[in-house]
Amino acid sequence: MCMKQLFHLLICFLTLFCFSAEAFAVPLIRDAEIEHTLREYTDPIFKVGGLKPSAVHLFIVEDDSLNSYVAGGANMFIHTGLILDCDTPDMLIGVMAHETGHIVGGHLAQGTEQLKNAELGSILAFILGAAAGVAARNSGAAAGTILGGQSMVGRNYLAFTRAHEEAADTFALRALDQLSISAAGLLKVFELLRRHEREHGGTPDPYMLTHPLTSIRIEHVRNHVEESKIPNGQYPHQFDAPHQRMVAKLYGFLQSPERTLAKYPLSNKSVAARMARAIAYYKMPDMDRAMAEMNSLIKESPNDPFFHELKGQMLFENNRPKEALASYQQAVKLLPDSPLILADLSRVELAQNDASLVPSAITHLEKSSEMEDDNPETWRLLATAYGKAGNQGMSSLSLAEESILANDPKTALSQVDEALRYLKDASPARQRAQDIKARALDMRREQKENS
């Protein structure tokens, strides 16, 4: 097994054991349209589970494996490989309903408590045993290594996680029933995972390492589908077009232009295919053909904010900031409450080197940070905007916000001290600076204790 495979396997197990996801540098994708589509899928499920949708964070991980997981509390991670392999929305909805079951059931907190009762050496033996099995494409190799490393911990923990998987399945089935969505999509994902395992010589998929997929679980879901009053395959078909667009967009950005154009040939006149081709042309780069596709899509659907956003991105990244500005302004006009699009518009405004646009950029960034206060890039842009406006206090405070998110208390303290030189007494900004300073001091103390 190469180091990359072993590292990925360790991440899977450490995630299962409820270590903070912030400890790992996973490649994340941010895209307003894709996140909007995923929210359309998940928000009704969160409400069934009694969760406030805004309290659950969704992360798209750039990884071609079929995997998803929850970590660090109410944080759901979805791999691009899973999205791309879900032919229909109900498949992805089923998986996300299952992951929501882990959050609702408090399985991460319970897993942490279970972990406290295990010795680190036994846990590592268990993890490395599984790694040995993957490397040898032999489950017996894993069993032998685990048994040689005090396998009782491993067996107990797998039994523990299997119970959680069954509980999460039960929640998923209940949530899908309440939403009148067939569980056939979830069953198709389970069958897809089993098929992948057989095609790869018994090597377990990352999802199956962190989500033990037993025959009992599969049969439970299959029986539910067969006995359900909900017609097989029923789900809100208004999700079909956004799903196809999401898949096409990811494919276009993640694959080479040649592969994208082969998958989405000119004979395919669907909106999703035209988007994919536009992205392929933009990556070549062939901006004439990219703009022709985008302009055609916008002409047909002038009120689609994501078409304007995508066109703006293509123009901006090809050094056409003035044209990009108009596209982003239209996108924000059509979708004014998207923190990502607001931040992107601000970036384009600041790139114009026009002092008259700086106040607008600050307004957009402040609104974006109010809706999404955990995006480091937004705080970095806001620091730049305040700096251009000559507001050193707020610029330093924004950099302190960014440093806290980056788990960098040293820089946060330095920036807070600089901010306090300028911020007025009793102002909300000064109070925020004091709060950040207290948090940074706590972080520094925790880091020293853990070093």
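Computed from a predicted model, the values in this text were never measured in an experiment. This chain uses plain numbering: 1 for the first residue, then up along the sequence. FYI, side chains are in, hydrogens and waters are out, and symmetry mates aren't considered; it's all heavy atoms of this structure.
The residues Arg217 and Glu166 are annotated as not salt-bridged, no charged nitrogen and carboxylate oxygen being separated by less than 4.0 angstrom. With respect to Arg347 and Glu377, a salt bridge is recorded, a charged nitrogen being found less than 4.0 Å from a carboxylate O. Contact check on Glu258 versus Lys283 returns no salt bridge, with no Lys/Arg side-chain nitrogen under 4.0 Å from an Asp/Glu carboxylate oxygen. Classification of Arg320 and Glu323 as a salt-bridged pair holds, one side-chain N sitting under 4.0 Å from a carboxylate O.
Between Phe77 and Tyr69, the ring-plane angle classifies as parallel under the 30° and 60° cut-offs.
Between Leu335 and Glu309, the closest side-chain pair of non-hydrogen atoms is not below 4.5 Å. For the pair Leu179/Leu176, no side-chain contact is recorded, criterion being any heavy-atom separation below 4.5 Å from C-beta on. Side chains of Ile404 and Glu401 form no contact here, defined as non-hydrogen atoms less than 4.5 Å apart. Using a 4.5 Å cut-off on side-chain heavy atoms (C-beta onward), Leu345 and Glu349 make contact.
In this structure Asp85 satisfies the salt bridge (Lys or Arg N to Asp or Glu O under 4.0 Å) test with no other residue, sequence neighbours excluded.
For the residue pair Pro285 and Asn318, the shortest heavy atom distance occurs at CB-OD1, 4.1 Å.
Identified under the ring-ring contact (aromatic ring centres under 6.0 Å, His included) test for residues 273-314, with sequence neighbours left out: His36-Phe306. Under the side chain to side chain donor-acceptor pair (under 3.5 Å) criterion, the residue pairs touching residues 327-339 are Asp337-Lys367, with sequence neighbours excluded.
Taking the centre of each ring, His237 and Tyr235 come in below the 6.0 Å mark.
A donor-acceptor contact shorter than 3.5 Å is absent between the side chain of His243 and the backbone of Phe239.
Applying side-chain contact (heavy atoms from CB on, under 4.5 Å) to Ile181 and the options Ile93, Ile230, Leu186, Ile45 leaves one that passes, Ile93.
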